[in-house]
Protein chains: 2
Amino acid sequence: MPDTADKAISEFVEQMGLIIQSEGLPRIAGHIVGLMIMHEGPFSLTQLAERLSVSRASISTNTRLLEDLGVIVRHAKPGDRQDYFRLGQQPYARILRGVVRRMRRARDVIESTRDALPEGMADAQERLQELDAFYEALTESFLNVIDAWDAETQGSTKQKRDGVRPSP
Amino acid sequence: MPDTADKAISEFVEQMGLIIQSEGLPRIAGHIVGLMIMHEGPFSLTQLAERLSVSRASISTNTRLLEDLGVIVRHAKPGDRQDYFRLGQQPYARILRGVVRRMRRARDVIESTRDALPEGMADAQERLQELDAFYEALTESFLNVIDAWDAETQGSTKQKRDGVRPSP
DNA sequence: TAGTTTGTTCAGTCAAGACTGAACAAACTA
DNA sequence: TAGTTTGTTCAGTCTTGACTGAACAAACTA
């Protein structure tokens, strides 16, 4: 009953669009990733456009975006002018790195605000400090996950992966 | 030089709008939180509207939203008909809980897709498994941060806070 | 040479949802 | 009673940015 399978696949591709969208990326980027999870590929730009019923312009823009994030990789087949795409290494960890970058920017804002704040506002300083500590804990936590992922997926060496980074 | 301070404050409020927006919440919600970090308050709905130069309707909607998330709390002053708002306990952890909820929903999608997928697609199954494991690690990691936060901020008891949850 | 194919870019359209103004109900005051 | 004040809700506007179609450059083919 391949009908059920097809339904499940397109449903998943659709949902991945929404999930990725909630991470602040375009929906089509999610569709591409979803499709590549379902089928290894590789896919040409035209194939992606047809399969997702979307303009080649959109595919071009979004493959570029995902490529910049390191989520997918582009490669050429010898004797074929088309570009082909497939998932890169640790695609999810790549997305996470983007989140870490966002948090670093947020912490910059906090820091410069703290610097500019006058003496009198001790309580505001305290709350800013609390917010910054929160971001710090979160960043630390993310990096743990990324590290663990790198070690597990990549290294056949399978080095330390105890879930906690060594305390500073 | 209170001018510099005012500038820093409104700059921060503005930036918090953008930061919160990148988390998928309305910009004004971020402005409210930002202002409350700068000044403890409490603020009435009218005060917030005036201070942020925004309609009372928007404030009403967004305070409601933040209240539902548990980020701010509403309370009454005796002999005053107005509602007053201020930051709640562990406001940032509350926002994080929302993220955890989103991830749980994503994992549900993954699971039902795996169930519906036919035998033949073993490699797709494998990639789905990988994605699910990633979400699992991330969720675990978030909950650690939330737990640690709860323990540190709230409990004077300061119970176990070793950075890792007990394995199931 | 002219004609394809492929990927990119850009101006324009469209949709989602944030925000507003106005109308409203509830609780108060004079 | 009529008139305020306060918070909510809803229809409508407006902004943001995703997506498209068309034009284009580059690399190929005949």
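Letters A, B, ... are given to chains in the order of the sequence lines, protein chains preceding strands, and every chain is numbered from 1.
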Take N1-N3 plus N6-O4 or O6-N4 for Watson-Crick, N1-O2 plus O6-N3 for G-U, both under 3.5 Å. Which runs of 3 or more such pairs involve DNA chain C? C:1-30 with D:1-30
In whole angstroms, the gap separating P of C:dT6 from CD of A:Gln47 amounts to 10 Å
Please determine if a side-chain N or O atom of A:Arg64 lies less than 4.0 Å away from the OP1 or OP2 oxygen of C:dT9. yes
Provide, to the nearest angstrom, the distance between the CZ atom belonging to A:Phe85 and the C1' atom belonging to C:dT6. 11 Å
Just to verify, what does B:Arg56 make a salt bridge (charged side-chain N to carboxylate O under 4.0 Å, His left out) with, not counting sequence neighbours? none
In this structure, are over 12 heavy atoms from other groups packed under 6.0 Å from A:Arg51 atom CZ? no
To the nearest Å, how far apart are A:Leu65 CG and C:dG7 C1'? 16 Å
For the pair made of CD in B:Glu50 and P in D:dT5, what is the distance, rounded to whole Å? 13 Å
Checking A:Gln129 side chain against A:Glu126 main chain: does a donor-acceptor pair fall under 3.5 Å? no
Given atom OH of A:Tyr84 and atom P of C:dT6, what is their separation to the nearest angstrom? 8 Å
Would the distance check show the side chain of B:Gln82 and the main-chain N or O of B:Leu45 forming a donor-acceptor pair, the cut-off being under 3.5 Å? no
Test ring-ring contact (aromatic ring centres under 6.0 Å, His included) applied to B:Phe142 - qualifying residues, sequence neighbours left out: A:Phe142
Using only atom types and a distance under 3.5 Å, with no angle test, would you say the side chain of A:Gln90 pairs donor to acceptor with the backbone of A:Trp149? no
Could you encode protein contacts along nucleotides 17-30 of chain D as a string, one character per nucleotide from 5' to 3', using B for base contact, S for sugar-phosphate-only contact and - for no contact, with a heavy-atom cut-off of under 4.0 Å? --SBB-----BS--
Check the distance between D:dT8's C1' and B:Asp68's CG and give it to me in whole angstrom. 14 Å
Ionic contact status for A:Arg127 with A:Asp123, cut-off 4.0 Å: yes
Table please: side-chain donor-acceptor pairs of residues 92-110 of chain B below 3.5 Å, with sequence neighbours left out.
unit_1	atom_1	unit_2	atom_2	d
B:Arg97	NH2	B:Asp150	OD2	3.4
B:Arg107	NE	B:Asp132	OD1	3.0
B:Arg107	NH2	B:Asp132	OD2	3.4

Quickly work out the A:Asp83 CG to C:dT5 P distance and round it to whole Å. 17 Å
Do any side-chain nitrogens or oxygens of B:Ser60 fall under 4.0 Å of OP1 or OP2 in D:dT8? yes
Separation of A:Leu18 atom CG from C:dA16 atom P, in whole Å? 12 Å
Which pairs would a plain distance check flag for residues 19-31 of chain A, meaning a side-chain donor or acceptor within less than 3.5 Å of a matching protein atom at least two apart in sequence or in another chain?
unit_1	atom_1	unit_2	atom_2	d
A:Ser22	OG	A:Ile19	O	2.7

